[in-house]
Amino acid sequence: MSDEQRRDSLADQAAAWVPPWERPRQPAPEATEPEAADPELTVPEAAVPEAAVPAVPDREATESEAGEAPTPAPVAPATDVTDIAAEPATPPGSGQDAPDPVASGNPAQARDVPPRQASGRRRVTAVPEPAPELSDTELRGALEAVLLVVDEPVSELVLAQVLEQPAERVGPMLDDIAAGYTAAGHGFELRRAAGGWRLYTRPEYATYVERFVLDGQSVRLTQAALETLAVVAYKQPVTRSRISAIRGVNCDGVIRTLVTRGLVEECGTETDSGAFLYKTTTLFLEKLGLNTVHELPPLAPFLPDDVEELADATR
């Protein structure tokens with residue numbers, strides 16, 4: 001046989017090859033033990049068309065006849081007869097999952113299956129186990145340890161996330177800790193400030209704390225800065241022109257000083273004039289030990305009796 005005839009024969013065999021999903025097949029019966037082979041499930045060779053199993057010529061015999069190795073033509077891989085019974089009746093793309101050829105122990109069919117389909121397994125994400133619930137003593141100790149190292153008030157939600165405990169337990173426990181410090185007469189107290197919790201020294205010991213911390217060096221706000229900060233605290237949000245009108249002097253430089261120290265910040269613009277609005281910051285609440293600006297003392301007791309006459313005189 002010449003080389004041209006052999007190539008034509010191989011091309012005819014490749015053209016006559018029928019894909020697995022187009023071959024006649026029998027539905028696979030449900031077997032309780034996949035390992036046990038049932039002789040009745042074996043499809044006889046007569047039931048398989050000859051075109052379904054193309055014959056592959058012997059490579060050594062071909063080389064011996066021609067004297068050289070011919071260029072191999074694309075030949076479909078041989079398919080075992082048992083593969084026909086094991087393959088599903090639904091062709092690919094029908095929306096149903098085909099059986100895993102790797103799990104069925106068929107290396108010939110598994111060689112033609114893409115890696116994603118050949119694996120047949122889905123990666124299961126392990127669900128982390130919930131954190132163990134702390135006892136009241138452990139929860140109290142953990143909260144105290146965290147509160148000792150914070151540099152700003154921390155909220156109950158953040159504490160609950162850090163300790164991996166329900167937020168419903170953290171709030172009452174913080175109240176209990178604060179009440180215990182007050183009842184024991186400690187030199188510090190646990191106070192709610194700026195929307196969170198933080199340890200503070202008691203006001204009656206402020207003199208000793210200042211003597212230790214400041215050591216004779218202190219940076220205080222000027223009278224103009226204190227007046228401007230008071231106007232912003234009680235009138236916020238407020239513009240610079242409004243602050244200057246209340247104080248009777250230009251407050252631009254004082255506002256810049258308060259913004260630099262982090263006590264005042266911009267919070268938008270006025271609708272009519274487009275001027276910047278200013279309000280106090282959380283640092284202001286933290287320094288005063290307040291939770292919200294609504295806890296500021298009322299101004300009525302500090303106003304003079306003839307405030308209305310003074311207001312009329314300035315108009």
Visitor: Verify the distance criterion only: is there a donor paired with an acceptor across the side chains of Ser135 and Thr137 at less than 3.5 Å?
Guide: no
Visitor: When rounded to the nearest 0.5 angstrom, what distance separates CG in Leu143 from CD1 in Ile177?
Guide: 5.0 Å
Visitor: Ignoring hydrogens, what is the shortest heavy-atom contact between Tyr278 and Gln236? Give both atom names and the distance.
Guide: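 Answer, listing the atom of Tyr278 first, then Gln236: O-CB, 3.9 Å.
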Visitor: Can you find a heavy atom in the side chain of Asn291 that is under 4.5 Å from one in the side chain of Leu285?
Guide: no
Visitor: Could you walk me through whether Val293 and Thr280 satisfy the side-chain contact (heavy atoms from CB on, under 4.5 Å) test, starting with their C-alpha distance in whole Å, then the side-chain angles of each, then the deciding distance to 0.1 Å, before giving a yes or no?
Guide: CA-CA 9 Å; Val293 293; Thr280 55; 3.8 Å; yes
Visitor: Counting only heavy atoms not in Tyr208, do more than 12 fall under 6.0 Å of its OH?
Guide: no
Visitor: Just verifying a value: how many Å separate Thr228 OG1 and Gln223 CD, rounded to the nearest 0.5 Å?
Guide: 10.0 Å
Visitor: Decide yes or no for Leu147 and Leu190: does some side-chain heavy atom of the first lie under 4.5 Å from some side-chain heavy atom of the second?
Guide: yes
Visitor: State, to 0.1 Å, how close Ala193 and Pro153 come at their nearest heavy-atom pair, and which atoms those are.
Guide: O-CB, 3.1 Å
Visitor: Do Tyr200 and Tyr205 land in one hydrophobic cluster if side-chain heavy atoms of ILVMFWY residues count as linked below 4.5 Å?
Guide: no
Visitor: Got Phe276 and Pro237 here, is their nearest side-chain heavy-atom distance under 4.5 Å?
Guide: no
Visitor: Treat each ILVMFWY residue as a node, draw an edge where side-chain heavy atoms are under 4.5 Å apart, and state whether Tyr234 and Leu229 are in one component.
Guide: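 Linked, Tyr234 and Leu229 end up in one cluster.
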Visitor: Of all heavy-atom pairs between Leu148 and Leu199, which one has the smallest distance, and what is that distance?
Guide: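 Residues Leu148 and Leu199, closest heavy atoms: CD2-CD1, 3.6 Å.
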Visitor: Might you confirm whether atom CZ of Arg198 has over 12 heavy atoms from other residues, nucleotides or ligands at distances under 6.0 Å?
Guide: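 Above 12, so yes.
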Visitor: Are side-chain heavy atoms of Thr182 and Arg202 found at a separation under 4.5 Å?
Guide: yes
Visitor: Using every non-hydrogen atom in the two residues, find where Thr201 and Arg191 come nearest and quote the distance to one decimal.
Guide: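 For Thr201 and Arg191, the tightest heavy-atom pair comes out as O-NH2, 4.0 Å.
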Visitor: In chain order, what residues pass the side-chain hydrogen bond (donor to acceptor under 3.5 Å, both in side chains) check against Ser273, with sequence neighbours excluded?
Guide: Glu270
Visitor: Pair Trp197, Asp175 - check side-chain contact (heavy atoms from CB on, under 4.5 Å), show working.
Guide: CA-CA 10 Å; Trp197 292 85; Asp175 293 331; 3.2 Å; yes
Visitor: If you round to the nearest 0.5 Å, how far is CD of Glu295 from CZ of Arg192?
Guide: 9.5 Å
Visitor: Using a 4.5 Å cut-off on heavy atoms from C-beta on, say whether the side chain of Glu133 contacts that of Arg169.
Guide: yes
Visitor: Under 4.5 Å between side-chain heavy atoms, hopping through other hydrophobics if needed: is there a path connecting Leu226 to Val259?
Guide: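 The answer is yes; both residues are in one hydrophobic cluster.
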Visitor: Between Phe284 and Glu265, is any pair of side-chain heavy atoms under 4.5 Å apart?
Guide: no
Visitor: Please determine whether side-chain contact (heavy atoms from CB on, under 4.5 Å) holds for the pair Leu277 and Thr269, giving the CA-CA distance in whole Å, both sets of side-chain angles, and the decisive distance to 0.1 Å.
Guide: CA-CA 5 Å; Leu277 296 172; Thr269 57; 5.8 Å; no
Visitor: Do Glu152 and Thr282 come within less than 4.5 Å of each other through their side chains, counting heavy atoms only?
Guide: no
Visitor: Do Gln165 side-chain atoms and Leu134 backbone N/O form a donor-acceptor pair below 3.5 Å?
Guide: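 Flag set: sc Gln165 to bb Leu134 pair under 3.5 Å.
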Visitor: Search all heavy atoms of Ser244 against all heavy atoms of Cys251 and return the closest pair with its distance.
Guide: OG-N, 3.3 Å
Visitor: So Leu157 and Val170, side-chain contact (heavy atoms from CB on, under 4.5 Å) or not? Walk me through it.
Guide: CA-CA 8 Å; Leu157 181 59; Val170 174; over 6 Å; no
Visitor: Roughly how far apart are Leu174 CG and Glu156 CD, rounded to 0.5 Å?
Guide: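 Separation between the atoms: 6.0 Å.
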Visitor: State the CD1-CD distance between Ile255 and Glu266, to the nearest 0.5 angstrom.
Guide: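 Ile255 atom CD1 to Glu266 atom CD measures 10.0 Å (nearest 0.5 Å).
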Visitor: Identify, with sequence neighbours excluded, every residue that meets ring pair (Phe, Tyr, Trp, His ring centres under 6.0 Å) alongside Phe188.
Guide: Tyr181, His186
Visitor: Could you tell me if the side chain of Pro203 sits less than 4.5 Å from the side chain of Glu189, heavy atoms only?
Guide: yes
Visitor: Do Leu221 and Leu290 sit in the same hydrophobic cluster, where Ile, Leu, Val, Met, Phe, Trp and Tyr count as joined when their side-chain heavy atoms come under 4.5 Å apart?
Guide: yes
Visitor: Check whether Leu283 and Val150 end up in the same hydrophobic cluster, where Ile, Leu, Val, Met, Phe, Trp and Tyr are linked by side-chain heavy atoms less than 4.5 Å apart.
Guide: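 No, separate clusters.
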Visitor: Write down the atom of Val232, the atom of Ile243, and the distance for their closest heavy-atom approach.
Guide: CG2-CD1, 3.5 Å
Visitor: Run the salt bridge (charged side-chain N to carboxylate O under 4.0 Å, His left out) test against Arg261 and tell me which residues pass, sequence neighbours left out.
Guide: none
